[in-house]
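Working notes for the structure below.
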Amino acid sequence: MSDVSNPPVRQGVVGGRKVRAGVQRVLIVDDSIAMQKLIGHALDSDPRLEVVGVAEDAYAARDMIKRLEPDVLVLDVEMPRMSGLDFLGRLMRLRPMPVVMFSSVTQSGSDAAIRALVLGAVDCIAKPQSGVTSAVLNVLADRVYAAATAPVLVSTPDTDRPATQVRTAPGVSRIADGQVILIGASTGGVTAVETVLRGLPPSIPPVLIAQHMPETFLQSFSSRLDSILPHRVSLAQDGMELRPGQIVLAPGGIRHTGIEARGGSLYCKAIDRPKRNGHCPSVDELFLSAENVAPRVTAVILTGLGRDGADGLHALRNAGAHCIGQDEASCVVYGMPRAAAECGALDQQLPLSEIPGAVLASLRNPARSLRKA
């Protein structure tokens with residue numbers, strides 16, 4: 001079950017259909033009849049969700065949204081007459097609502113998925129080229145439910161523009177060498193991660209990010225960040241040295257990414273372990289790998305479903321890291337930061353807009369006493 005809060009209770013008749021109390025209403029938009037049936041069965045089997053309609057294209061979806069008033073859309077990317085991406089852009093301008101994209105894992109599909117998340121889609125689920133498996137359908141309901149109960153964040157016009165260079169804040173020149181910033185995020189993380197990174201100057205210590213996302217989506221996200229930020233952005237590679245001004249994303253796939261210290265420098269390290277908390281890359285694996293260099297770490301946990309990262313953050317804080325969590329009001333899904341707060345893993349819990357400043361303040365004050373568990 002999802003760990004997000006319960007939705008408001010609703011009951012009565014809408015669009016000629018009886019609405020079950022407390023249920024989130026789903027509209028599926030996909031041109032494949034087979035896919036409509038697969039998704040519809042998976043979602044209707046969950047007592048928290050009710051599929052109120054299916055639409056074969058954007059034009060049919062537009063009319064059904066007006067008539068059925070769904071709480072959340074499951075939207076395909078590649079459709080006839082109008083692409084899901086074009087429809088999403090229009091929808092977010094005229095009638096913003098929670099949307100989960102269902103995108104292929106081809107390169108073009110992955111690029112579109114990242115663009116959709118920037119435009120305001122709450123989540124994006126990979127549609128394997130080999131076919132939708134039971135494993136994909138098993139996670140679909142939780143993700144759609146989480147999206148249905150999440151706030152809608154619409155991109156601003158300058159979202160795709162290169163970030164203006166952040167002026168060096170007072171004291172940034174006094175940041176000690178050898179520090180590192182670790183960031184973990186999941187649902188809603190694309191916009192949240194971008195917001196944090198845009199607030200950090202190019203001279204920042206290295207940043208390593210674990211974002212829950214399919215491998216090809218992470219490649220597209222890395223390319224996007226590299227195009228809009230003044231920092232050097234790439235996917236992590238085993239043995240890569242972490243240098244100032246560099247941002248690296250855990251690539252996912254079959255191995256996690258962590259860090260290790262060698263000869264006074266920090267390096268990326270591939271971790272051969274099964275999925276943790278259902279994820280690869282795992283935020284917990286990243287955080288736990290840094291425990292032995294914790295006094296040099298500023299760790300941030302952002303919006304996301306579940307509790308991945310909470311245990312690792314707790315270990316880091318006890319070992320001397322400075323740990324920051326996103327607050328509930330600014331999260332798309334207040335799952336991961338809430339779990340971290342509840343287990344005592346946070347030094348600060350802040351609105352997203354204040355996190356870059358808190359990171360800089362932490363970097364200027366790296367001397368931290370070790371904490372007892």
Side-chain angles (χ1 to χ4, degrees), residues 14-15 17 24-44 49-129 131-132 136-137 140 143-144 147-148 150-161 187-188 190-191 213-214 216-217 220-221 223-224 227 332:
V14 176
R17 294 176 60 104
Q24 301 301 305
R25 298 163 53 78
V26 186
L27 175 64
I28 298 168
V29 188
D30 197 301
D31 63 304
S32 166
I33 295 176
M35 197 60 61
Q36 291 173 3
K37 291 181 178 179
L38 278 172
I39 300 171
H41 177 74
L43 300 187
D44 251 343
L49 302 169
E50 180 177 14
V51 176
V52 296
V54 293
E56 70 278 4
D57 61 30
Y59 295 95
R62 179 190 59 190
D63 296 335
M64 295 179 81
I65 289 171
K66 295 177 182 177
R67 178 164 50 88
L68 299 175
E69 299 182 359
D71 298 303
V72 59
L73 260 63
V74 177
L75 178 62
D76 190 15
V77 173
E78 298 177 352
M79 295 188 300
R81 299 212 289 170
M82 182 189 297
S83 75
L85 206 56
D86 289 339
F87 178 59
L88 177 68
R90 298 184 185 191
L91 183 68
M92 288 304 177
R93 288 194 301 271
L94 301 174
R95 193 191 188 281
M97 63 182 300
V99 175
V100 174
M101 304 299 294
F102 205 31
S103 175
S104 68
V105 293
T106 62
Q107 188 57 54
S108 60
S110 299
D111 291 344
I114 299 303
R115 177 63 183 155
L117 293 168
V118 171
L119 285 171
V122 175
D123 206 349
C124 192
I125 299 173
K127 183 188 292 183
Q129 289 180 281
V132 176
V136 174
L137 294 174
L140 186 61
R143 303 272 286 273
V144 170
V152 179
L153 303 178
V154 182
S155 64
T156 55
D158 64 348
T159 301
D160 289 328
R161 295 178 185 171
T187 309
V190 166
T191 300
M213 198 176 283
T216 56
F217 290 9
S220 296
F221 189 30
S223 298
R224 172 181 166 78
S227 71
V332 171

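Because the structure is predicted, anything quoted here is derived from the model rather than measured. Both backbone and side-chain heavy atoms feed into the values below; hydrogens, waters and symmetry mates do not.
When each of Asp86, Asp31, Asp57 is checked for a side-chain hydrogen bond (donor to acceptor under 3.5 Å, both in side chains) with Arg81, only Asp57 meets the rule.
With rounding to the nearest 0.5 angstrom, the NZ atom of Lys37 is 12.5 Å from the NE2 atom of His41. For the atom pair CG (Asp111) and CZ (Phe221), the distance works out to 13.0 Å, reported to the nearest 0.5 Å. Rounding to the nearest 0.5 Å gives a distance of 8.5 Å between CZ of Arg143 and SG of Cys124. Here the straight-line distance linking atom CG of Leu85 with atom CE of Met101 works out to 6.0 Å at 0.5 Å rounding. Going from atom CZ of Arg115 over to atom CG of Leu88 covers 9.0 Å, rounded to the nearest 0.5 Å. Expressed to the nearest 0.5 Å, how far CE of Met97 lies from CG of Leu91 amounts to 6.5 Å.
Residues Val54 and Gln36 come closest through the heavy atom pair CG2-OE1, 3.8 Å. Nearest approach of Ala55 to Leu27, heavy atoms of both residues: N-CD1, 4.4 Å. For the pair Asp76 and Phe102, the tightest heavy-atom approach, listed with the atom from each and the gap, is OD1-O, 3.1 Å. The heavy-atom pair separating Gly53 from Leu68 by the smallest distance is CA-CD1, 4.2 Å. Across all non-hydrogen atoms, the minimal contact from Val51 to Gly40 is CG2-O, 3.8 Å. Between Val122 and Thr187, the shortest heavy-atom distance links the atoms O-CG2, 3.6 Å.
Glu50 places a side-chain heavy atom less than 4.5 Å from the side chain of Asp44. Residues Met35 and Ile28 have side chains not in contact (no heavy-atom distance under 4.5 Å, counting atoms from C-beta outward). Here the side chains of Val99 and Phe87 are not in contact, with every heavy-atom distance at 4.5 Å or above. Between Leu43 and Val74, some side-chain heavy-atom pair lies under the 4.5 Å cut-off. Side-chain contact between Met64 and Pro70 is absent, with no heavy atoms from C-beta onward closer than 4.5 Å. Proximity of Leu117 to Arg224: side-chain heavy atoms (C-beta onward) are nowhere separated by under 4.5 Å. Inter-residue side-chain proximity for Val26 and Ile39 is flagged as unmet; no heavy-atom pair is nearer than 4.5 Å. Here the side chains of Gln24 and Val144 are not in contact, with every heavy-atom distance at 4.5 Å or above.
The number of heavy-atom neighbours closer than 6.0 Å to CG of Leu94, taken from other residues, nucleotides and ligands shown, is above 12.
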Show, in sequence, the C-alpha distance, side-chain angles and deciding distance for Leu73 and Ile65, and conclude whether the side-chain contact (heavy atoms from CB on, under 4.5 Å) test is met. CA-CA 9 Å; Leu73 260 63; Ile65 289 171; 3.9 Å; yes
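In this view, Arg90 satisfies the side chain to side chain donor-acceptor pair (under 3.5 Å) rule with no residue, not counting sequence neighbours.
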